[in-house]
Amino acid sequence: MTNSSKIALVTGGSRGLGKNMALKLAERGSDVIITYHSRKDEAQNVVAEIEKLGRKAFALPLDVADSNSFQNFADKIKETLQNHFQTDKFDFLVNNAGVGAHASFGETTEEQFDYMVNVHLKAPFS
């Protein structure tokens, strides 16, 4: 299996900085796989924008706070690469997915802190 285009995987690629990165990568000639947490509609809009640029794109759900889901996600990536991109690897990873606690330092709960640690530290490490 070979694909002459470079493929980027952008976590959190359905909105904000992740969306901007995915579109810029597509503008520069890369095909793109994005992940989204809850807004499939926004992710599909990004896929459509990338395809309008003449690149291949695909969106997959991913909750980076749930490291138990990573093996299933890896299987979905392999399947997507084979079926949609006719290859068995991607070239770039942009670990963009992130969250913030909308509370001051003193008002941040332990649960909010643990969630941010899972998303920002544990997920990229896993």
Side-chain angles (χ1 to χ4, degrees):
M1 292 186 163
T2 58
N3 178 2
S4 60
S5 298
K6 299 287 185 182
I7 301 170
L9 170 59
V10 180
T11 65
S14 64
R15 302 184 291 147
L17 291 174
K19 174 184 176 180
N20 291 337
M21 283 184 263
L23 292 172
K24 188 56 74 175
L25 286 162
E27 286 174 10
R28 293 185 178 192
S30 292
D31 293 333
V32 184
I33 300 171
I34 64 168
T35 70
Y36 63 93
H37 180 250
S38 60
R39 296 295 308 266
K40 183 176 183 176
D41 58 330
E42 290 183 3
Q44 293 303 328
N45 288 339
V46 175
V47 167
E49 287 185 58
I50 291 169
E51 289 173 342
K52 283 181 187 175
L53 295 169
R55 306 308 321 161
K56 291 182 181 179
F58 204 85
L60 291 170
L62 175 64
D63 180 357
V64 296
D66 179 11
S67 60
N68 292 324
S69 71
F70 291 174
Q71 183 57 57
N72 183 52
F73 178 73
D75 294 341
K76 291 288 185 192
I77 285 289
K78 288 176 188 175
E79 179 183 314
T80 299
L81 287 168
Q82 290 173 355
N83 296 336
H84 195 73
F85 297 91
Q86 293 74 49
T87 190
D88 57 358
K89 67 177 183 69
F90 60 89
D91 302 283
F92 311 108
L93 171 62
V94 179
N95 271 324
N96 170 72
V99 296
H102 301 287
S104 68
F105 182 81
E107 295 171 339
T108 300
T109 66
E110 185 174 353
E111 181 181 76
Q112 289 171 314
F113 181 79
D114 288 344
Y115 187 72
M116 287 189 297
V117 167
N118 286 343
V119 170
H120 295 280
L121 300 174
K122 189 176 180 182
F125 183 77
S126 295

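The figures that follow rest on heavy atoms only: side chains count, while hydrogens, waters and symmetry mates do not. We number each residue from 1, following the sequence as shown.
- Counting only residues at least two apart or in different chains, ring pair (Phe, Tyr, Trp, His ring centres under 6.0 Å) contacts with residues 86-105 are absent.
- Closest heavy-atom contact between Ser14 and Val46: O-CG2, 3.6 Å.
- Shown here are the side-chain contact (heavy atoms from CB on, under 4.5 Å) partners of Asn45, two or more places apart in sequence or in another chain: there are none.
- Under the 4.5 Å side-chain contact rule for hydrophobic residues, Leu60 and Phe85 share a cluster.
- The nearest pair of heavy atoms linking Asn96 to Gly12 is ND2-O, 3.0 Å.
- Residue Lys19 holds its NZ atom at 12.0 Å from CG of Leu17, rounded to the nearest 0.5 Å.
- Cluster membership for Leu25 and Ile34, using ILVMFWY side-chain heavy atoms within less than 4.5 angstrom, is shared.
- Not counting sequence neighbours, the partners of Lys89 by the side-chain contact (heavy atoms from CB on, under 4.5 Å) test are Thr87, Asp91.
- A distance of 12.5 Å separates CG of Leu62 from NZ of Lys76, quoted to the nearest 0.5 Å.
- In this structure, the side-chain contact (heavy atoms from CB on, under 4.5 Å) partners of Thr109, at least two apart in sequence or on a different chain, are Glu111, Gln112.
- Within the 4.5 Å cutoff, the side chain of Val94 has no heavy atoms near those of the Thr11 side chain.
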Practice prompt. Decide yes or no on side chain to side chain contact (heavy atoms under 4.5 Å, CB included) for Leu81 and Ile33, but give the supporting numbers first.
Written response: CA-CA 9 Å; Leu81 287 168; Ile33 300 171; 3.9 Å; yes
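- Legend: residues meeting side-chain contact (heavy atoms from CB on, under 4.5 Å) with Arg39, ordered by chain and number and at least two apart, are Asp41, Glu42.
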Practice prompt. List the steps, then state whether side chain to side chain contact (heavy atoms under 4.5 Å, CB included) holds for Thr35 with Leu9.
Written response: CA-CA 8 Å; Thr35 70; Leu9 170 59; 4.1 Å; yes
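- Judged by distance alone, with hydrogens and angles left aside, the side-chain atoms of Gln71 form no donor-acceptor pair with the main-chain N or O of Asn68 at under 3.5 Å.
- Residue Gly18 comes nearest to Val10 through the heavy atom pair O-CG1, 3.7 Å, listed as atom of the first residue, atom of the second, then distance.
- Residue pairs meeting the ring pair (Phe, Tyr, Trp, His ring centres under 6.0 Å) criterion with at least one partner in residues 12-67, sequence neighbours excluded, are Phe58-His84.
- Ion pairing between a basic and an acidic side chain is recognised when a charged N comes within 4.0 Å of a carboxylate O; Lys52 and Glu49 show no such pairing.
- A distance of 10.0 Å separates NZ of Lys78 from CG of Asp88, quoted to the nearest 0.5 Å.
- The CD atom of Glu51 sits 10.0 Å away from atom CG of Asp31, with the distance rounded to the nearest 0.5 Å.
- Distance alone, capped at 3.5 Å, places no donor-acceptor pair between the Ser30 side chain and the Ala26 backbone.
- Remark: Leu93 CG is packed, more than 12 non-hydrogen atoms of other residues, nucleotides or ligands lying under 6.0 Å away.
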